[in-house]
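For reference, the structure is listed below as structure tokens.
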2 protein chains.
Amino acid sequence: MDAARRLLEAEGPSALSLRAVAREAGVSPAAPYHHFKDKAELLDAVAQEGWDILGQLMQEAKAGATGMHQLTALGIAYVCFARDNPALYRVMYDAARDKDALPEGMQQNKDSAYCMVRDTMIEHGADPTQETHLELASVAAWCGAHGLAEMAGFKQFDHLKDALGGERAFFDAVLSHMGLFPKAEPHC
Amino acid sequence: MDAARRLLEAEGPSALSLRAVAREAGVSPAAPYHHFKDKAELLDAVAQEGWDILGQLMQEAKAGATGMHQLTALGIAYVCFARDNPALYRVMYDAARDKDALPEGMQQNKDSAYCMVRDTMIEHGADPTQETHLELASVAAWCGAHGLAEMAGFKQFDHLKDALGGERAFFDAVLSHMGLFPKAEPHC
DNA sequence: TTTCATATCTAAGCGCCGTATAGATGCCAT
DNA sequence: ATGGCATCTATACGGCGCTTAGATATGAAA
């Protein structure tokens with residue numbers, strides 16, 4: 001898995017073949033099959049690690065903000081993670097797509113990130129008895145952040161980033177345009 | 001390209017190999033190379049067709065709504081397209097990602113869809129002189145719709161769809177939670 | 001009508017991929 | 001000392017993207 005993460009960072013997701021991972025780890029092409037059922041299971045494990053790391057980053061971001069700004073901090077942390085680890089982020093979503101159910105650990109890590117959004121909304125005014133409305137708001141926030149995360153790297157937006165004074169400001173502006181994220185404090 | 005589209009619908013994007021396309025078309029594995037430089041170029045062509053179709057659907061959706069609801073109609077049309085053509089939608093974004101510049105025709109088709117959002121905002125009150133704000137709003141709407149489009153198929157949301165009385169209502173609710181899309185009219 | 005360029009295709013092969021099988025090696029508890 | 005277990009290798013199969021070399025048809029020019 002170390003080899004897989006190394007390869008992913010260095011060469012991107014298209015270079016992440018089982019054989020390449022084995023080469024990087026210095027073992028034969030068949031060796032990984034004694035640890036993972038198939039390639040998908042290896043990718044699942046990498047993805048789960050990714051959700052774990054993302055969860056920690058979001059936790060830290062939340063701790064570094066106050067009030068409703070915590071929500072924006074979560075969103076920014078989410079998008080920055082995707083920008084800094086584009087290949088890993090894609091593996092994480094590829095693993096989640098086209099699957100009836102996620103592997104246990106991955107579902108847990110993913111849920112914990114989602115629940116952080118939900119909990120933050122409750123802590124700052126959302127009515128926890130209006131379950132449907134609360135979930136909708138969380139899902140909308142998640143969708144918005146995910147959409148921005150996927151597009152964050154598009155060259156098309158470079159002039160907007162410049163006009164706003166940086167990528168960070170761009171993320172903040174887009175998120176705050178979606179009703180759910182208040183404009184962030186200027187620091188960090 | 002007909003063979004490619006057929007395969008894409010029938011077997012999903014992972015089955016879309018050049019050789020499979022050639023088989024489906026009834027020619028040798030090398031034949032496609034006389035029409036496309038490589039596999040990516042074939043996928044680009046398929047993606048461009050996809051943007052074209054999506055643009056038409058959005059145009060029709062806009063024509064079928066009035067006032068600010070046109071914006072929601074665009075969003076719903078976008079998300080429904082992704083739900084009905086998940087494999088094609090992925091090819092479209094995979095072709096757009098990891099590329100410095102899109103092929104000419106694809107960029108045009110993609111821009112025309114984007115401009116429809118922008119224009120609709122201007123037609124219904126957005127100030128066209130505030131260029132940056134206008135673009136931000138359009139980008140935010142695009143991100144939100146894309147995020148929802150990618151997650152539309154997640155099993156996790158099934159209970160929400162049920163609670164709201166259908167997928168369509170779910171899309172509408174999520175989009176309207178993002179500040180930019182007013183709640184749609186009940187029909188269609 | 002012959003000739004020749006062009007478009008389209010096939011056949012064969014390269015190296016890489018995911019995966020399966022069979023067997024080797026080392027370690028640890030009995 | 002022995003047997004089970006975890007880990008690994010060697011080898012092979014078919015599919016993949018792609019390349020090269022050569023075949024076939026078509027249509028314009030001579």
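Just so we're on the same page: letters track the sequence lines, and every chain starts at 1. Just so it is clear, the model here is predicted, and its values are computed rather than measured. Excluded from the calculations below are hydrogen atoms, water molecules and symmetry mates; all remaining heavy atoms, backbone and side chain alike, are included.
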Query - Protein-nucleotide distance (A:Leu7, atom CG; C:dC17, atom P), rounded to Å - result: 10 Å

**Report entry** Nearest-angstrom distance from the residue atom CD of A:Glu41 to P of C:dT19
**Finding:** 11 Å

Requested in this report: Using a cut-off of strictly less than 4.0 Å, decide whether B:His35 has a side-chain nitrogen or oxygen near OP1 or OP2 of C:dC9.
Outcome: yes

Query raised in the report: Does B:His124 NE2 have over 12 foreign heavy atoms under 6.0 Å away?
Result: yes

Query raised in the report: If you measure from the Lys or Arg side-chain nitrogens to the Asp or Glu carboxylate oxygens, is any gap between A:Arg83 and A:Glu150 under 4.0 Å?
Result: no

Requested in this report: Just compare D:dC18, C:dT10, D:dT9 and give me whichever is closest to any side-chain atom of B:Ala31.
Outcome: C:dT10

Query raised in the report: Rounded to whole angstroms, how far apart are NZ on A:Lys39 and P on C:dC17?
Result: 9 Å

Query raised in the report: Of A:Ala30 and A:Ala20, whose nearest nucleotide on DNA chain C comes first from the 5' end?
Result: A:Ala20

Requested in this report: Give one of base, sugar-phosphate or nothing for A:Ser17, where a contact means two heavy atoms less than 4.0 Å apart.
Outcome: sugar-phosphate

Requested in this report: Answer yes or no: is there an ion pair linking B:Arg19 with B:Glu24, defined by an N-O contact shorter than 4.0 Å?
Outcome: no

Query - Integer-rounded Å distance: D:dC16 P and B:Leu42 CG - result: 14 Å

Query raised in the report: Starting at OH of A:Tyr33 and ending at P of C:dG18, how long is that distance when rounded to a whole Å?
Result: 7 Å

**Report entry** For atom CZ of B:Arg23 and atom C1' of C:dC9, their distance in whole Å
**Finding:** 17 Å

Query raised in the report: So which nucleotide from D:dT20, D:dC16, D:dT9 ends up closest to the side chain of A:His34?
Result: D:dT9

Query raised in the report: If each of A:Arg19 and A:Gly26 is mapped to the nucleotide of DNA chain D with the nearest heavy atom, which maps nearer the 5' terminus, i.e. the 5' end?
Result: A:Gly26

Query raised in the report: Expressed in angstrom and rounded to an integer, what is the separation of A:Leu43 atom CG from C:dC17 atom P?
Result: 14 Å

Query raised in the report: With the threshold set at 4.0 Å, does a side-chain nitrogen-carboxylate oxygen contact exist between B:Arg5 and B:Asp2?
Result: yes

